[in-house]
Student: 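Have a look at this one before I ask anything.
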Number of protein chains: 2
Amino acid sequence: MRDLARHPELLSLNTATVRERWTLAQIIEGCARHGIRAIAPWREQVAACGLETAVGLIRTHGLRVNGYCRGGMFPAADAAGRARALEDNHRAVDEALALGAECLVLVVGGLPAGSKDIAGARQQVKDGIAALLEYARPQRLPLAIEPLHPMYAADRACVNTLAQANDLCDALGEGVGVAVDVYHVWWDPALKREIARAGRRILGFHVCDWLVPTTDLLLDRGMMGDGIIDIAKIRGWVEAAGYDGCVEVEIFSARNWWQRDPDEVLQIVRERYASVC
Amino acid sequence: MRDLARHPELLSLNTATVRERWTLAQIIEGCARHGIRAIAPWREQVAACGLETAVGLIRTHGLRVNGYCRGGMFPAADAAGRARALEDNHRAVDEALALGAECLVLVVGGLPAGSKDIAGARQQVKDGIAALLEYARPQRLPLAIEPLHPMYAADRACVNTLAQANDLCDALGEGVGVAVDVYHVWWDPALKREIARAGRRILGFHVCDWLVPTTDLLLDRGMMGDGIIDIAKIRGWVEAAGYDGCVEVEIFSARNWWQRDPDEVLQIVRERYASVC
């Protein structure tokens, strides 16, 4: 097994990790300063920076853009809402292509307002990805379905296991794969099997840690090594499946990491990437 | 399909629902006053009341005890810890028998302190239930494995899907079944299939609701009808599988229901049971 610690160039920073105190321009410069060679930016940060400026800064610093966050949010209460979501996803594809991103990450969306029909929402997601593929596939931009932890099933993503994401890939064919985030899937008894099944369709590998206790459903992720996820084991499974892309650090942490000096955060990200991941 | 609203005698109150403002004695009297004919008490409440007193009160009011909360918490860092857990589970069985409970609910436990080995914890759970069965089976006290939501995998229960619980039942044989709590399983894409698979092994059916947003991982459950779970649909699946036992209302709600007058809570529980469940 390849030792990722010996591949510092594969470390990627999801820009949400330091979003509270740095602009995207500062993040790009910070990554360059700390020897982090890849980023996965968010749409709102790119919008705030300006797409052309962001493209220029990324090119200047020679950063790899391993993924773009995010498309998805397909379900809606009516056809007009779904059409708006698809149109917005087209813009996300356009931006991803402009940035030279290797894939567009899809957080697929949860229940439409007022709905209790999760099976229906899942069908809307499948239809939405199929429709988006008609736009993304000819432009050769891969879509990465990211299963989210079941605690987000109602309001963020009704694809909650890697098995579901793999089933969608099977059904939808070329141009779509999966993003494996250890935070979302570490608990899954079928994880090893489904990672092997995903194989070369794995388009992203995201890391952080699950803290005990976890004090907030959304914004209390831990730094790698501070929680209970056996990240190295999951990384081993992902590599055994054939994945050789970036290891993307994505930490939403309102009470801790977002409060700290981003330079300190990036330094610790580098250290933990080498020692824990 | 049987209409549970026409079976008010099947409504059960999990005593945690009003635990903040009433003692067990008050809860038993309150249930009698509100026409709630079944309860599922917690060990600490029984201990505070005194086991014999609790047995007497339950008998006086003619309440059904559809389940006892709870056994489990099997994994531990060493053999001595696991032996202590088993011994404590023996006492839970004894108490359940004294109370005339129809089953002992098992919240199986998560990772031992310092461990990242969830597969190992799951093996410890399997071994623990097998050992407890040797004590419970001869006394004809069924054990109900309750899969908990994956957000509790680290610190409360590493059995996180009904499929896992069914697999354990298959492996462990007579004397063990499952408790289906809509809060823990509503998101599961395999839920309908696994409820049918569980069939007559379903020993309990628990209801509350998933709020959007949910502000706390443990103590922000909603009253039936206030969230996004299609409780009636899941109840239909459970009944189609052959379950004809109680519908147990279990709401941990630090910010809302635990603050209210318990008499008001029980009245609303009754109304929602009839209109939503």
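Here is the naming used below: chain letters follow the sequence lines, and residue numbers restart at 1 for every chain. All values below come from the heavy atoms of this structure, side chains included, with hydrogens, waters and symmetry mates left out.
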Student: Just how far is it from atom CG of B:D188 to atom CG of A:N160, taken to the nearest 0.5 Å?
Tutor: 9.0 Å
Student: How close do B:A154 and A:W186 get, heavy atom to heavy atom, and via which atoms?
Tutor: N-CH2, 3.6 Å
Student: Once you round to the nearest 0.5 Å, how far does OH of A:Y152 lie from CE of B:M151?
Tutor: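 So the gap between those two atoms works out to 10.5 Å.
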Student: Looking at every non-hydrogen atom in both residues, tell me the closest pair between B:T214 and A:L217 and how far apart they are.
Tutor: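 Nearest pair, atom of B:T214 first, then A:L217: O-CD1, 3.7 Å.
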Student: If you count heavy-atom pairs under 4.5 Å between each of A:G227, A:P150, A:G110, A:A119 and chain B, which one has the most?
Tutor: A:P150
Student: Tell me which of these, A:I231, A:I229, A:V159, has more heavy-atom pairs under 4.5 Å with chain B than the rest.
Tutor: A:I229
Student: As an exercise, state the distance from CG of A:D216 to CG of B:D216, rounded to the nearest 0.5 Å.
Tutor: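 So the CG of A:D216 and the CG of B:D216 are separated by 9.5 Å.
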Student: Once you round to the nearest 0.5 Å, how far does CH2 of B:W187 lie from CG of A:L148?
Tutor: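 Spacing of CH2 (B:W187) from CG (A:L148) equals 12.5 Å.
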Student: With rounding to the nearest 0.5 angstrom, report the CG to CD1 distance, B:D117 to A:I228.
Tutor: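 So the gap between those two atoms works out to 11.0 Å.
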Student: Please classify the contact between B:L111 and chain A as side chain, backbone, both or neither, with a heavy-atom cut-off of under 4.5 Å.
Tutor: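 Contact with chain A is through the side chain of B:L111 alone.
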Student: Do you know which of A:Q164, A:R122, A:K233 has the most heavy-atom pairs under 4.5 Å to chain B?
Tutor: A:R122
Student: For the CG atom of A:D209 and the NZ atom of B:K116, what is their distance to the nearest 0.5 Å?
Tutor: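 Atom-to-atom, A:D209:CG and B:K116:NZ are 5.5 Å apart.
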Student: Please flag which part of A:S115 lies under 4.5 Å from any non-hydrogen atom of chain B: side chain, backbone, both or neither.
Tutor: backbone
